Amino acid sequence: MDRGTERDGAVTEHAASGRIPLAVVVVDREGLVSHWSSGARRLFGATKEEALGRPAVDLLPVSGALPEDDDPSPYGAYGAYDGLGHDLETSLDGRLYYPAAGRARLTVPERSEMGVPPPAGWGRDRVDVLWWAYPLIGPGPERLLVLGADVGRLRQEDGEDDPGFDRVAPGFALHTDFPGAGDLAGKLPEILPSMSVDESARIVGQILELGYPVLEFSQNDRVPVTPDWGVPRRVERRARRERAAQAAAQGLPIPREYSDEAEDLEYAAVRERLEFLNEVSGRIGTSLDLSRTIVEVSRAVVPRFTDVAGTYLREQVVAGEGFPDGAPDTTTMWHRVAVEHTDEPGRWDDVVPVGEAMPFPAHTPFFQCMTSGEPVLVPRISEQMGHAIASQFEKRDIRPLITGRSMLVVPLKARNVVLGFMILLRHPERVEFNDMDRVTGAELAARAGLVLDNARMYTYQESVAETLQDSMLPHIPPRMAGCDIATRYLPGTLLGRVGGDWFDSVKLPGARTALVVGDVMGHGLNSAAMMGQLRTAVQTMAALDLPPAQLLRNLDDLAQRLGDGYLATCLYAVYDPIASELHIANAGHIPPVLVRAGDGRSELLDLPTGAPIGVGGVPFEAVRVRVRPGDRLVMCTDGLVEMRGEDIGVGLATLCESAAHPAASMDDACDTIIRALNTRGGRKDDVALLMARLNGIEPDDVAAWRIGLDPEEVGRARAVVREQLHDWGLARLADHAELMVSELVTNAVRHSHGRPVELRLVRGDTLLCEVDDDDHDLPTLLSAGPFDDAGRGLRVVSMLAREWGTSRTSAGKTVWFELTLPRR
């Protein structure tokens with residue numbers, strides 16, 4: 001019979017070679033036609049211009065009902081085929097999420113006017129349509145791929161009265177069932193010209209997984225449907241075998257194209273490519289680590305598909321940063337992140353080392369690939385092209401490595417942005433890349449691009465999470481007044497490492513220190529943001545020297561104002577090293593552990609539990625606990641002691657036991673606790689741990705005076721400070737200390753409302769001086785001119801002091817400064 005060709009691949013050969021005409025239609029997520037092949041025009045009677053953008057239900061055979069008994073159709077009634085006979089409308093409206101197939105009668109007026117003759121025995125307006133529908137999953141706008149075929153035309157073009165057509169029904173089969181079924185994967189992108197290669201490859205990939213369209217003529221006779229050359233149907237196979245038999249009978253050699261070997265080779269080639277893609281998919285993406293994923297992608301294609309694979313990524317991808325901005329150009333830097341090859345070891349290392357970054361000129365196939373987002377095939381690299389490519393490599397001659405080789409450059413894309421590309425090279429003696437390899441490379445690149453983007457996104461999100469967590473967790477100094485502090489933070493083991501656990505310490509008046517551990521319930525950025533707000537609020541209220549119970553009360557009010565659904569636990573303790581006392585309040589948190597210095601005994605402090613922050617309307621209570629120098633306070637979040645399937649009491653007991661274990665340092669003591677509790681397995685939550693060794697301050701290291709409001713008392717303040725520093729052996733600090741004390745006491749006497757001023761010196765790791773008065777207005781640092789009477793006092797303090805500050809107290813305010821002790 002005559003051979004015929006239809007544009008965009010819907011029909012390339014007629015029934016003599018075993019083909020049937022196919023219509024290809026793509027429906028978007030709004031139910032509108034987004035692609036309409038010329039085969040669809042012939043089958044369904046609408047032009048491309050008429051079809052695009054119209055509801056698919058208006059154009060396709062949505063009903064599976066057959067004609068009435070008096071209809072002239074010779075095919076008779078049929079039911080659902082193998083459970084796949086849903087109406088096409090069920091697929092169009094999204095009610096099906098698996099492939100469906102069916103057969104329907106379609107009325108198309110005036111078909112003959114479009115040059116398509118009606119099937120024999122039919123009215124001009126009747127079409128018996130076979131259809132296959134594939135739901136499409138992915139980032140694109142497509143929702144459904146519909147393939148259609150005209151049974152009447154199939155019968156007419158075959159030209160024989162084959163009763164098998166009476167039983168023809170549509171169905172699906174996996175690609176492993178039939179030789180040549182892979183042709184659909186190879187040719188479908190050619191009949192989707194409005195789509196890019198990677199979009200077509202993505203759609204083809206889903207068909208590979210869901211099953212090929214087939215025609216069933218009998219229970220055991222099924223034929224794959226392909227839009228181009230594929231495995232012949234029974235007619236062609238029978239004719240080919242007859243020709244082979246005739247040649248054998250005449251004693252002639254059997255032509256290769258008539259042999260079963262040709263068919264077997266074709267089948268083997270298709271199956272090998274599909275197995276290769278499946279193998280690659282299984283070998284890449286085993287980890288979300290970007291470096292490991294890069295190596296997996298490169299090694300997956302060597303040596304089975306290519307002999308050399310070089311992978312290049314954009315700078316932002318390598319750095320794990322956000323999505324690259326803008327299209328690549330000649331200034332875009334591409335990092336060579338992997339080179340795999342079958343050549344002798346070291347041959348490529350010096351010429352194209354991993355880690356090098358370089359741009360690519362516009363005349364190269366690499367630039368063409370990265371700007372178009374399409375694979376570029378170079379059957380053989382000529383001397384001229386080899387010279388052009390080698391010109392990019394300064395002081396290195398790459399021509400011996402590439403000239404004469406077949407090259408395929410495939411883009412690594414995600415969300416229509418080129419993240420990188422792979423340069424694939426085959427040895428000169430190996431068969432060169434062809435169009436089928438180009439399609440295979442596009443499918444490979446689509447899968448690799450998705451995997452790399454997942455790894456990139458995870459790396460980026462992990463970096464953002466760690467940066468956010470680090471910015472929210474304070475860097476606590478190891479020594480505060482009268483205590484040593486050590487901390488640990490462990491992120492959760494789940495993806496999205498950001499959590500709501502935090503710890504903190506705040507310097508308070510009177511050489512006291514506030515110690516805080518809290519835990520916002522939940523995970524993710526919302527919890528971390530809530531944690532940051534609560535931590536800032538605690539620091540602010542601690543600077544106001546609020547009592548622990550009042551601070552938690554205010555924190556609870558704040559949490560309710562921030563919004564519903566936020567709950568947090570918090571443990572707030574104020575350590576007074578002079579009074580050797582802890583003042584603690586608890587808001588639903590696990591109790592702290594106190595390890596006694598004398599006998600090493602550890603105990604959970606019995607505190608009023610309180611309700612979590614955010615519950616509202618619940619009172620908080622504070623208790624005072626006497627401590628001795630050398631005692632250790634251990635505060636942590638429940639992620640350390642709580643394990644799934646285990647009573648929390650077991651974890652608390654382990655915490656007490658490990659906290660009491662002797663350790664050479666505070667850091668060692670923290671590590672001992674972490675090892676004891678973090679090796680049990682099953683931990684999913686993040687962990688915050690704070691340990692404070694309560695060293696105390698000896699009474700001999702504290703000196704305090706009450707200063708009257710008479711300005712002459714300023715002189716006495718200077719005198720007692722100088723005398724005390726001489727007694728402590730700190731005479732070298734006396735001049736500066738005396739001058740600063742004079743400025744602070746003068747201001748306090750001037751602004752006091754009647755209560756005597758209090759002056760205190762504390763000798764510890766530094767010399768601390770505090771001046772208290774009953775005025776609540778905090779002083780500020782001013783710029784004083786040469787003739788101004790005020791404004792110089794705090795400027796003198798800021799210049800001479802190691803550190804200084806102000807804070808409000810319940811009775812007024814405290815202004816303080818510190819001086820570094822001289823080396824002994």
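Just the heavy atoms: all of them, side chains too, but no hydrogens, waters or symmetry mates, feed the values below. This structure is a prediction, so every number in the text was calculated from the model and none was measured.
The structure places OG1 of Thr47 at 8.5 Å from CG of Leu52, a figure rounded to the nearest 0.5 Å. Here the CG atom belonging to Leu408 is positioned 8.0 Å from the OG1 atom belonging to Thr306, to the nearest 0.5 angstrom. Rounding to the nearest 0.5 Å places CZ of Arg438 at 13.5 Å from CD of Glu443.
When side chains are defined from C-beta on, Val24 counts as touching His35, because their heavy atoms get closer than 4.5 Å. Side-chain contact between Leu424 and Met407 is absent, with no heavy atoms from C-beta onward closer than 4.5 Å. Taking 4.5 Å as the limit, some side-chain heavy atom of Leu425 sits within range of a side-chain heavy atom of Ile381. Counting only heavy atoms from C-beta outward, the side chains of Thr330 and Pro359 never approach each other to under 4.5 Å. Side-chain contact between Met333 and Phe360: absent, with no pair of heavy atoms (C-beta onward) separated by less than 4.5 Å. For the pair Leu32/Arg54, no side-chain contact is recorded, criterion being any heavy-atom separation below 4.5 Å from C-beta on. With a 4.5 Å cut-off on side-chain heavy atoms, Tyr134 and Leu147 count as touching. Using a 4.5 Å cut-off on side-chain heavy atoms (C-beta onward), Val409 and Leu377 make no contact.
Classified by interplanar angle (parallel below 30°, tilted 30° to 60°, perpendicular above 60°), the ring pair Phe44/Trp36 is tilted. Ring orientation note: the planes of Phe305 and Phe433 are tilted relative to one another, at an angle of 30° to 60°.
Shown here for Arg314 and Pro328, the closest heavy-atom pair between the two residues is NH1-CD, 3.8 Å. Closest approach of Val418 and Gly373 over heavy atoms only: CG2-CA, 4.1 Å. Nearest heavy-atom pair, Asp307 versus Val302, reported as atom, atom and distance to 0.1 Å: O-CG1, 3.9 Å. Leu144 and Ala133 make their closest contact through CD1-CB, 4.1 Å (heavy atoms, listed as atom of the first residue, atom of the second, distance). Residues Glu50 and Gly45 share a closest heavy-atom pair of OE1-O, 4.5 Å. Heavy atoms only, all atoms of each residue included: Val25 and Ala40 are closest at CG2-CB, 3.8 Å.
Listed for the Ser406 side chain is a donor-acceptor partner under 3.5 Å among the backbone atoms of Pro379. A distance-only check finds a donor-acceptor pair linking the side chain of Ser34 to the backbone of Val26 [under 3.5 Å]. When atom types are taken as modelled, the side chain of Thr371 and the backbone of Phe367 share a donor-acceptor pair closer than 3.5 angstrom. Using modelled atom types, one side-chain atom of Asp329 and one backbone atom of Thr332 make a donor-acceptor pair closer than 3.5 Å.
The existence of a salt bridge linking Glu432 and Arg380 is confirmed by a sub-4.0 Å separation between a basic side-chain nitrogen and an acidic carboxylate oxygen.
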Pair Val301, Leu444 - check side chain to side chain contact (heavy atoms under 4.5 Å, CB included), show working.
CA-CA 9 Å; Val301 296; Leu444 164 69; 3.2 Å; yes

Under the criterion side chain to side chain contact (heavy atoms under 4.5 Å, CB included), I'd like the reasoning laid out for Asp150 against Val129: C-alpha separation, chi angles, the key distance, then a yes or no.
CA-CA 5 Å; Asp150 183 339; Val129 176; 6.0 Å; no

Go through the steps to decide whether Ile423 and Val308 satisfy the test side chain to side chain contact (heavy atoms under 4.5 Å, CB included), and finish with yes or no.
CA-CA 8 Å; Ile423 303 175; Val308 181; over 6 Å; no

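Annotation: Trp334 is not in aromatic contact with Phe366 [ring centroid separation under 6.0 Å not met].
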